[in-house]
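Some notes on the structure that comes next.
All values reported here derive from a predicted model rather than from experimental measurement.
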Amino acid sequence: MSSLSEPLRIAVLVKEVPDTYGERHLDLETGLVDRAASDAVLDEIGGRALEAAVSHAEANAGTEVVALTVGPESAAEALREALAIGADRAVHVTDPQLGGADLGLTAEVLAAAVERLDADLVLAGNQSTDGLGGVIPAMLAELLGRPQATNLDAIGIGAGEVCGTRASDHGTMVVRASLPAVASITDRLPDPRFPSFKSTSAAKKKPIETLAAADLGVAVEDPAAPRSILISVAARPPRAGGMKIDDEGDGGTRIAEFLAQNRLV
Amino acid sequence: MSRDPRHDLLFEPVTFGPKTTRNRFWATSHSSGYPDRPGTHASFRAMKAEGGWGVVNTGFCSIHPESDEYPWTSSRLWDEGDVINLGHLTEEIHKHGGLAGVQLWYNGMHSPRYESRESARGPSGLPSNVFPERNVYAAWASEDDIKALINMYVLAAYRAEEAGFDLVEVSGGDTTVPLQFLETRYNKRTDRYGGSFENRARFYVELMTALKKAVGDRLAVTTRFEVDTINGDHRIKHFEEGLGFMELMNKEGIVDLWSIKIGDYEEWGEDAGSSRFRKPNWAAPFVAGARDLVDVPVVSNGRFTSPDDMVTAIKAGQCDLIGAARPSIADPFIPNKIAEGRVDEIRECIGCNMCVSRMQQQALMYCTQNPTTGEEYRRGWHPEETGTSPSPSAVLVVGAGPAGMEAALTLARRGHEVHLRDSAEALGGHWRAVARYPRCSEYGRLITYREVMLEKHKNVSVQLGVPAMSAQEVLDYGAEKVILATGSHWSPVGLGPETHEPLENVHADLPNVLTPEQVSAGKPIPEGKVVVLDGDGHFTGFAMAEIAADLGRETTIVTNTHDVFEYSKFTMEMPNNKRAMYEKGITFLRNHWATGYAGNVLRLFYLYRDTAGLYETAPGQWGRRFGDDVVELECDALILTTSRVPDDSLYWELIERKGEWAEAEIDGVYRIGDCVQPRHAMDAIFEGHRVGMELESPDPQRPLPFIRERQIWGAPTIPQLGDQRPVVEGELLV
């Protein structure tokens, strides 16, 4: 991939999520994630997108990488980590009104922030590991009126375009989109680097701009806008005890039957 | 976390004789090498009481100068001086609510007596098979001598009481004198102490009776009994005389508790079974049925580290109390961790027998898993409490092998901000491959424990699978302190301890020359005759030979040492090493070393091919007449376990750039473990721990002084010249 003549500005979508490897809980009153119940971390998939952007920036002087998030005040920690990994600056959209925002509203806010940033490329993970919505990149492309290259297993950022490969049911597609564009990547891309002590302390000095919905001209309470409505919320049912097979000479057959019945083979 | 109710059983009190212990955890008597250092010894044993063990025993304790274990180190109850020192020990154990036990030990023919220079007594006047090279015998005991022997035990029991012990345990294991009377192998008497089973048992019965009479209303009188010596027909077998003896003693009602074991003194590696040969609770079939024969509690050992295994053994009727020596060294806090539902934090014994090996070298005992063992008093270390650093800093640890993991964990526990980095995808360094050697799977616990604990500390970031760091990257990292733990590798050219020269025409790049790393990584071992050239003397050469033999290769070990895998003599694994080699057809050649390898011929020389005499070889020039005999060995593949070479290039690059440290805001670069000098994992972990504990010292590379315990000149001695010998001759004292 040849380097660009004009330096790019890449907005990378990052997100604070409850630690995927720990216990996670829903608040059964609000239906929202109970953030106090888990450790908050930078979403891995966003970290991978950031790594792709930062690697590109290292090889292409002048490229600016901006980490962008919509989230509660605590999400500033995730942004600090993004800055430690190598983002140049961060934008934090935080507003009590946005608590529990659905995918559509979130995309609206993000689109407004991207416009304000004047980013050439929006890079995101294909789906967050908490909500697993997987539609934000497409919604953004729609709202911004830009082409999209989503679910990329490999990515190249080059002269006026973003390209990459994408797995399909029948093989691998090579996709390209001219900039400005929206791209999303999968967990096939490398993990983000571990920040060194130096980059962690340097991150403390990098700017984080904090914005409210109003700053972006987004009307949260727009009665005309379609919004998803939460109808019910339930805790995950407790795990039922497993089935015990005592081997009376037919153990193998019964295990095979069990697997077949449950369509596990 | 609270305790798993399935483990409640372990916390029930048990009464034996006049004493009641708070739970079922019995820290079995084991030697340590510490008794000449009363502070070290007391703090070491008391740590077990602090960690929740109900009963804490000392090591074997000589009752009289006639049974002097020197050059090994035991406790002693010879005089008032010992009472003072052991009094401190019992006080420390009592502070933490434990009962203190002492093992009364008289080994006669198997005690070298290098300090006291006395003559020992025994059932027969035979040479010791344990120390034949030391020319040790015992004198035939007359009936009067037998009374004197019993009186020695009685006087020792009185002193034990004075020192504050709660129980006296008669050693009837490790082939001590009660066992010598019982075994036909040692008992050639024709009087009422020899011959029939009842006659051979008489001494033990009279001894226990006397002790019960002397102290039995105040102290528990127990015994540690070898129920099976697993050594053939002329010894004790559990299903014959072993259990029969327990029945007989039970009828007499003179034992308050039985602690039962297997193996004898010659092969106490069967009692201290190493994980390479014995899985946890290997003694179960040998002690089966014992508990049903007696009306008092029974203790059984089996390198238990899992509370589930402990509960199973008790429920199965194997025992009432869980005995543990090595597991209580590796983790003195096993009981408390189970009690508090912190089972995942148990620092499990890996069964490497490094503890045993230090004892067998007449040295101080240390532990691979627990670097604080023996350091409780002299360095003020505690296995569970590291304290916090007065000046936390940002520390980069490069290398996540044994030393690096321990350093990172210790630093994290002390509140430093730590980054532990390794290019491998998993923790453990070279030890990960070691844990996959045949027989060595329990060694992996060394990694698992640290993995679990590192995860519990938010201030340590474990960064695996990262590219190997250059000096520039270290300088750019922003760390205040840098610790290098980059390990070592096996010499690919056969550099070894005999000649300290590479071998001619040998390099692991060749398809028929292999290092252990290559074998672990799957480099094929060519067919035919395989030679393992071993200069290491521990378990790696054995593992390589076994891998080759299991592939059907005709395998020979060549070593420069006097015996094959000589370190295993100290870990008590040599007999089983040799049995396994014999079973698998692995042969060995000792006192030889290689010079080169060409075609399929390995060229060797015999170490002693030169003359014994010294001659004037040329006018005015004296020396040996040197031989040049060459031994040629057919060899289709050569595996090199000759020596290890430090991976220290990063260290030397950083030293070269010392002038740039200040600008990079680096206070210091230190190195630990194999990259300084290859060593046992035990010592690498120790160094990792030490640097973690002492990072704030002016030069953490070098240890701070520790408390040295020895007699300082001018203090009064006990006894003094002119003192009388305590009288044991004559009638029984009780």
Search all heavy atoms of A:Pro190 against all heavy atoms of A:Arg48 and return the closest pair with its distance. O-CG, 3.2 Å
Structural part of A:Asp191 lying under 4.5 Å from a heavy atom of chain B: neither
Flag, side chain of B:Arg450 to backbone of B:Leu446, donor-acceptor distance under 3.5 Å: yes
With a cut-off of 6.0 Å (strictly less than), are more than 12 heavy atoms of other residues, nucleotides or ligands near CZ of B:Arg702? no
Output the residues of residues 389-412 of chain B for which the shortest heavy-atom distance to chain A is under 4.5 Å, in residue-number order; output 'none' if no such residue exists. B:Ala394, B:Val395, B:Leu396
Where the side chain of B:Thr486 meets the backbone of B:Asp647, is there a donor-acceptor pair that is under 3.5 Å apart? yes
Show your reasoning for whether salt bridge (Lys or Arg N to Asp or Glu O under 4.0 Å) applies to B:Arg414 and B:Glu696. CA-CA 11 Å; B:Arg414 301 189 65 240; B:Glu696 304 78 12; 2.9 Å; yes
A:Glu77 side chain to A:Ser74 backbone, donor-acceptor under 3.5 Å: no
Counting only heavy atoms not in A:Glu58, do more than 12 sit closer than 6.0 Å to its CD atom? yes
Using heavy atoms and a sub-4.5 Å threshold, report which of residues 415-431 of chain B line up against chain A, by residue number. B:Glu417, B:Val418, B:His419, B:Arg421
Looking at A:Pro137, is its backbone amide N or carbonyl O close enough to the side chain of A:Ser184 to form a donor-acceptor pair, meaning the two atoms are under 3.5 Å apart? no
Answer yes or no: does atom CZ of A:Arg188 have more than 12 heavy-atom neighbours from other residues, nucleotides or ligands under 6.0 Å? no
Should the pair A:Arg193-A:Glu51 be classified as a salt bridge under the 4.0 Å nitrogen-to-oxygen rule? yes
